[in-house]
Amino acid sequence: MSAPIIRRLAELRGKHRDWTMAGESIGVVPTMGALHAGHLSLVEAAKAACDRVIVTIFVNPKQFNNPEDLANYPRTEHEDAAKLAPYGVDAIYVPDPEEIYPQGFATGVSVTGVSDQMEGACRPGHFDGVATVVAKLFLQTGAGKAFFGEKDYQQLLVVRRMARDLDIPIEVIGCPTVREASGLAMSSRNLRLSAEGLEKASRLYPVLQRLAAELCGGASLDALQDDAKADLLAAGFEEVEYLSLNSSEDLRPLKTADAPSRLFAAAWIEGVRLIDNVSVG
Ligand code: PAJ
């Protein structure tokens with residue numbers, strides 16, 4: 001059976017009250033919709049860990065630094081609800097925009113440190129928008145656990161830091177990246193690629209894996225990255241925005257994998273910006 005779609009905060013709070021009174025635990029999976037198997041893996045993890053699961057769908061204007069990107073973002077509420085039906089979630093929260101940004105909204109949440117490099121540097125204001133909306137979604141749902149994908153590893157760390165710093169009583173849980181059979185990380189943005197673009201894009205993961213294996217052997221990123229970028233351009237990427245080796249704990253940039261680390265990439269294909277990351281070692 002389809003879960004009820006809730007658009008008003010007052011109604012969501014009513015559910016929260018009932019569930020909490022019954023002693024039930026609540027999990028939340030924040031999304032911007034256009035759901036795919038990556039999102040659904042988070043829903044599965046939430047269902048396994050919590051009595052009640054809320055999936056939120058809100059295309060957050062504050063985190064788009066490019067108006068065209070916001071305008072092109074797929075909106076597929078009907079299909080999303082159908083995809084969630086087999087999972088037995090308890091509520092789909094699709095807030096009316098004024099529930100998130102009421103008239104006169106003037107507050108922002110900004111996380112420094114983990115948001116400084118990579119996506120934070122390439123997309124100014126992006127993580128402020130993410131931290132602000134996620135703080136609101138945490139407070140509005142009152143969930144005790146939240147599920148985020150490692151696909152957006154930097155976002156996961158930004159959100160975890162934000163919740164800790166603001167004393168929001170929620171555990172932020174990271175879940176592994178779900179990939180197509182080709183290795184391409186699932187993403188709503190893949191919908192914008194042609195069949196040929198998808199095939200070319202699938203080269204990103206093996207290049208990252210190879211580089212990660214070489215880094216694991218002690219090589220430095222400086223020595224390897226020109227070749228890796230050349231491989232991606234030869235595969236059909238138009239631009240490699242960054243290849244970056246960072247601590248998995250605090251994202252400080254590393255030259256060699258001498259601490260637990262991940263390798264991150266952002267690259268453009270057919271005018272679409274894709275990101276991915278793999279663990280090193
Ligand atoms: P969205 O891009 O819809 O992603 C929602 C969640 O799904 C994020 O936690 C993301 O990391 C996860 N996800 C996306 N693709 C995945 C994949 N292939 N495997 C595993 N998890 C995947 O991220 C956002 O929305 C927004 O920034 C949001 C947190 C909702 C705030 O607006």
Side-chain angles (χ1 to χ4, degrees), residues 27-46 53-66 69-70 72-77 79-80 83-84 87 89 92-95 97 99-101 108-109 111 115 118-120 123 125-141 143 145-163 170-192 198 201-202 204-205 208 262 264 272-279:
V28 64
V29 180
T31 81
M32 297 201 298
L35 301 184
H36 51 64
H39 297 113
L40 297 172
S41 74
L42 305 181
V43 173
E44 260 179 275
V53 173
I54 305 169
V55 175
T56 72
I57 300 180
F58 181 68
V59 180
N60 174 33
K62 279 204 194 295
Q63 71 185 74
F64 286 82
N65 48 326
N66 173 349
D69 200 19
L70 172 62
N72 286 336
Y73 205 86
R75 287 161 174 85
T76 56
E77 182 181 313
E79 290 88 334
D80 290 344
K83 284 183 192 158
L84 289 171
Y87 291 85
V89 304
I92 307 175
Y93 182 47
V94 189
E99 295 290 23
I100 302 291
Y101 300 122
V109 180
V111 178
S115 62
M118 297 188 284
E119 293 307 281
R123 304 180 64 190
H126 169 67
F127 283 127
D128 291 353
V130 169
T132 302
V133 82
V134 173
K136 291 209 56 153
L137 293 169
F138 283 180
L139 294 168
Q140 292 191 348
T141 58
K145 288 187 164 71
F147 298 81
F148 285 82
E150 290 181 346
K151 157 79 169 42
D152 303 284
Y153 192 87
Q154 190 175 12
Q155 169 172 275
L156 167 67
L157 294 201
V158 168
V159 164
R160 193 174 273 157
R161 184 78 251 166
M162 176 276 291
I170 193 165
E171 185 188 351
V172 176
I173 295 163
C175 303
T177 302
V178 177
R179 298 178 181 280
E180 304 283 357
S182 68
L184 178 65
M186 290 197 183
S187 164
S188 314
R189 287 164 197 266
N190 297 350
L191 294 174
R192 288 199 240 148
L198 283 170
S202 67
L204 179 57
Y205 182 51
L208 286 181
R262 294 184 85 90
F264 295 82
V272 178
R273 188 172 183 279
L274 300 181
I275 59 169
D276 200 353
N277 69 90
V278 296
S279 113

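Note that the structure is predicted; figures quoted are calculated from it, not measured. In each ligand, atom 1 is the first atom listed, and ligand 1 is the first ligand listed.
Judged purely by atom type and a 3.5 angstrom limit, T132 has no side-chain atom pairing as donor or acceptor with the backbone of G108. A donor-acceptor pair under 3.5 Å links the side-chain atoms of D80 to the main chain of A34, judged by distance alone. In this structure, K145 contributes its side chain and G27 its backbone to no donor-acceptor pair below 3.5 Å.
At the top of the distance list for atom 8 (C) of ligand 1, counting protein heavy atoms only, stands Q155 NE2, 3.8 Å. Looking only at heavy atoms of the protein, atom 9 (O) of ligand 1 is closest to G149 N, 2.9 Å. Nearest protein heavy-atom contact of atom 2 (O) of ligand 1 is Y73 OH, 3.9 Å. Nearest non-hydrogen protein atom to atom 12 (C) of ligand 1 is L42 CD1, 3.6 Å.
Checked by distance only, ligand 1 and H39 come closer than 3.5 Å through their nitrogen or oxygen atoms. Among the atoms of D152, some N or O lies under 3.5 angstrom from an N or O of ligand 1. For V133, no nitrogen or oxygen atom sits less than 3.5 Å from a nitrogen or oxygen atom of ligand 1, counting backbone and side chain alike. On a distance-only criterion, V178 and ligand 1 share at least one N/O pair closer than 3.5 Å. Of the polar atoms of Q63, at least one N or O is found under 3.5 Å from an N or O of ligand 1, judged by distance alone. Residue contacts with ligand 1: M32 is placed with a nitrogen or oxygen under 3.5 Å of a nitrogen or oxygen of the ligand (distance criterion only).
Using cut-offs of 30° and 60° for the angle between ring planes, the F58 and Y101 rings count as tilted.
Distances shorter than 4.0 angstrom do not occur between any heavy atom of R179 and any atom of ligand 1. Judged by the shortest distance from any of its heavy atoms, A34 lies outside the 4.0 Å radius around the atoms of ligand 1.
Within ligand 1, counting atoms from 1 as listed, the ones closer than 4.0 Å to a heavy atom of T31 are 3 (O), 5 (C), 30 (C). Atom numbering of ligand 1 starts at 1 in the shown order; those under 4.0 Å from a heavy atom of H36 are 14 (C), 15 (N), 16 (C).
At a heavy-atom distance under 4.0 Å, atoms from both the backbone and the side chain of M186 approach ligand 1. With a 4.0 Å heavy-atom cut-off, ligand 1 is reached by the backbone of P176 but not by any atom from C-beta on.
Closest approach of A46 and V29 over heavy atoms only: CB-CG2, 3.8 Å.
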